[in-house]
Protein chains: 2
Amino acid sequence: MSTTTRGRADRRPSITDVAKRAGVSVGTVSNVLNRPDQVSDTTRDRVLVAIEELQFVRNASARQLRAGTIQTVGAIVLDIANPFFTEVARGVEDRLAADEYTLMLSSSDEDPEREARYLRLFEEHGVQGVMVTPSAGSLDALIALRDRGIDVVLLDTTSPVDDISSVAVDDVRGGALAVEHLVSLGHTRIAFINGPQTIKQCVDRREGVIAALTGAGLDPAAALVEVTIGSLNAEGGEDGVNRLLAADGARPTAMFCVNDLTALGALRALRAHGVSIPDEMAVVGYDDVVFASMLTVPLTSVRQPTHQLGWTAADLLLRQRSEGASFQHQRVQFQPELVIRGSSDPST
Amino acid sequence: MSTTTRGRADRRPSITDVAKRAGVSVGTVSNVLNRPDQVSDTTRDRVLVAIEELQFVRNASARQLRAGTIQTVGAIVLDIANPFFTEVARGVEDRLAADEYTLMLSSSDEDPEREARYLRLFEEHGVQGVMVTPSAGSLDALIALRDRGIDVVLLDTTSPVDDISSVAVDDVRGGALAVEHLVSLGHTRIAFINGPQTIKQCVDRREGVIAALTGAGLDPAAALVEVTIGSLNAEGGEDGVNRLLAADGARPTAMFCVNDLTALGALRALRAHGVSIPDEMAVVGYDDVVFASMLTVPLTSVRQPTHQLGWTAADLLLRQRSEGASFQHQRVQFQPELVIRGSSDPST
DNA sequence: ATTCGACGTTGAAACGATTCACGCACCCTA
DNA sequence: TAGGGTGCGTGAATCGTTTCAACGTCGAAT
């Protein structure tokens, strides 16, 4: 009775149970599973029937314990809810699928502790490699990881060391593009809603911003109003604008947001404050996400090759694996592109 | 030399290596790791030093093989790139964190095969339970999974059976809300950009649509123009509109899109065709995603309690685990809410 | 008739962590 | 001083799979 009507399995059937039921050895069952052509038809059928009857499901832990490793890599992005990163992840998956690798995907939410936790989790699970958008200070941990035999590729950031590959978009150039554009429209007082300097993208885009201002003969100290926000999402953008508008001093006439999600929140807050766009405030975002062109005021943004970014990172990782010591580490860098729309330029 | 300067580990150090180096038995190392207070201070320190020196990292497979199970559950959503589902996932994570469970998250991309593959992968990895937004026909597999001891909670769909719990939002009501609104604005010819009937949400929302039309004394056969699209994203929405506008017959004056991503694509295509909104075409979406209120024409949409949906699903799953046989299966259903904006109502 | 290879199958060793019954040393108490 | 705890540590068994040397059997070749 307990075998026929059990509501809940007492124990998962193992390969041994299958072997007993089919009247063969465990080795044969394993062969049926992994090298079916080395088993005679009749035996194979008998085993398959037993597998079906027992509803046998392989135990991945045992499998992997024996094998030592699995066809899996991990990826840690800054924010899984950001369309930019989901598109990158899609690129990663597409490349991995070709080599029948699977992906463990996690979001650090810009928190170094979460990043470290996931890194450890991935390692404990025996991934062959990781793609990471690292927070500040995690480089040493990544180098140590690499030394322990887990390949590392930096994602959306340029590698500071020669023996770790990276795939990035030129963020300095992107930041410059945005601000050069605003300056060319005549703005001389520009707000920059930026994330913490623990995030490399924020540092680089800021560098581009400063360079563009200086290059245009403006003094950053006077022309730039920096607002630092805690998280790079819509809430952060709203928060940034609220603080900006509450501050004393001349209100900027233009604003560069570190990404489109932030810009979305900023636009929402600006609207709530009755600030008209682009007349009273020109706004530029970053990423050119799917909805940027469709907003009340279509958002000027810096476009990046998202899918290609992810695809290339995965490609480097897999090639590093297969080529071994002969692999040449490299820093791949793509160029961003400014897409001008109504949020900055009234003539469009 | 090979031990000091090895660039790449020959083999991951095991608990045995640590034990040897520290001059203790493996049992003691395990105790240091799992019950540190049962080990004397000096021994513990010695072991910790060895762990540090060898850069020892636990092997999750071995650990889990012995333990039999892990504090992990899986979730399969229809589309990870849809903000609706990322918000749901966030709710799931928040509840799981309280019980120190981890989440394996995957996207089926509305493909039953992908769903089945991930389900199997989760099972092989020994998850304790799964939350699934199922495709049509996968119920039997889910019941079988439950019978094999893996708890199942249906996510964003109402359970068709008594002994599997579910957490959903009333999609029939949601569909009705959308169309009642359009009818109240005087529309008598309404397009419905819907996904395939293999997706329960699409079936339910359609049922609500039909009910609303009938309730208003309209004949669905005449009043409703259905367009079925392959995937519920922006591309699908664009495709749907293109096909709608290319078709013969009187053009509808209103349109209900099965979700906001689809609506976004639809709006893009409508704009490309020079159709003005809401004058020539009123548009209603579904989900009220973060950018809905910020679009060129703010999108009327049906709002759902996303975070709560995920949180509750995870809560049911964990309680099912802990309460065992005494657990009462339940169908939780939340109510949707219509948010009226400019894409349907010119007066807003 | 013997040898040989091919084929199919076997069974035990290994993977690395956890667990638990047991042993040892020590101190406290009667 | 014997008896009984207590506190630490040990080491073998165990989880389920894969792998591989070894074995029997059969047919073909010599």
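Computed from heavy atoms alone, side chains included, the values below leave out hydrogens, waters and symmetry copies. To find a chain, count down the sequence lines: A is the first, B the second, and so on, and within it residues start at 1.
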Provide the start and end nucleotides, 5' to 3', of the part of DNA chain D that has atoms under 4.0 Å from heavy atoms of chain A.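 It runs D:dG16 to D:dT19.
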
Salt bridge or not for B:Arg319 and B:Asp151, using N-O below 4.0 Å?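 Looking at B:Arg319 and B:Asp151, the cut-off is not met.
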
I'd like to know if A:Asp99 and A:Arg321 make a salt bridge, using a cut-off of under 4.0 Å between side-chain N and carboxylate O.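 No salt bridge links A:Asp99 with A:Arg321.
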
Could you check which residues of residues 14-27 of chain B get a heavy atom under 4.0 Å from DNA chain C? Sort them by number, please.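 The stretch gives B:Ser14, B:Ile15, B:Gly27 as the residues lying under 4.0 Å from the strand, ordered by number.
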
Of all of residues 56-68 of chain A, which get a heavy atom below 4.0 angstrom from DNA chain C, listed by number?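 Correct list: A:Leu65, A:Arg66.
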
Are [X] and [Y] close enough that some pair of their side-chain heavy atoms sits under 4.5 Å apart?
X	Y	value
B:Phe122	B:Ile76	yes
A:Pro36	A:Asn31	no
B:Gln330	B:Gln320	no

Of all residues at least two apart in sequence or in a different chain, which pass the side-chain contact (heavy atoms from CB on, under 4.5 Å) check with A:Ser231?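 With sequence neighbours excluded, A:Ser231 shows a side-chain contact (heavy atoms from CB on, under 4.5 Å) to A:Glu110, A:Asn233, given in chain and number order.
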
Contacts of [X] that satisfy salt bridge (Lys or Arg N to Asp or Glu O under 4.0 Å) - sequence neighbours left out:
X	answer
B:Asp41	B:Arg44
B:Arg66	none
A:Asp163	A:Arg146

Tell me, yes or no, whether the heavy-atom count around A:Glu113 atom CD, taken from other residues, nucleotides or ligands under 6.0 Å, exceeds 12.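 Incorrect, the count does not exceed 12.
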
In terms of heavy-atom contacts, does CG of A:Asn34 have more than 12 from other residues, nucleotides or ligands at under 6.0 Å?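 Result for CG/A:Asn34: enclosed.
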
Any base atoms under 4.0 Å from [X], or only sugar-phosphate, or nothing? Heavy atoms, all strands.
X	result
B:Thr28	base
B:Arg44	nothing
B:Val29	nothing
B:Ser40	sugar-phosphate

Boundaries of the chain A footprint along DNA chain C (any atom under 4.0 Å from a heavy atom):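 Taking any atom under 4.0 Å from a heavy atom of chain A, the span is C:dG8 to C:dG16.
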
Could you work out, with ring-ring contact (aromatic ring centres under 6.0 Å, His included) as the rule, every residue matching A:His329, not counting sequence neighbours?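 Scan of A:His329 (ring-ring contact (aromatic ring centres under 6.0 Å, His included), adjacent residues dropped) gives A:Phe327.
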
Restricting to side-chain hydrogen bond (donor to acceptor under 3.5 Å, both in side chains), what partner residues turn up for B:Ser61, sequence neighbours left out?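 Here the qualifying residues are A:Gln64.
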
Quick one, A:Arg90 with B:Asp109, criterion salt bridge (charged side-chain N to carboxylate O under 4.0 Å, His left out). Give me CA distance, side-chain angles, the key distance, then yes/no. CA-CA 11 Å; A:Arg90 191 70 65 169; B:Asp109 293 350; 2.6 Å; yes

For DNA chain D, determine which residues of residues 120-127 of chain B have any heavy atom closer than 4.0 angstrom to one of its atoms, and list them numerically.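 None, since no heavy atom is under 4.0 Å.
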
Without hydrogens or angle criteria, can the side chains of [X] and [Y] be said to hold a donor-acceptor pair below 3.5 Å?
X	Y	value
A:Thr306	A:Glu87	yes
A:Gln201	A:Asp156	yes
A:Thr43	A:Ser40	yes

Rounded to 10 degrees, the angle between the two terminal axes of the helix from C:dA1-D:dT30 to C:dA30-D:dT1, each from five pairs: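 Here the helix ends are tilted 60° relative to one another.
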
For A:Arg12 versus A:Asn59, what's the shortest heavy-atom pair and its separation?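 Heavy-atom minimum between the residues: NH2-CA, 3.5 Å.
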
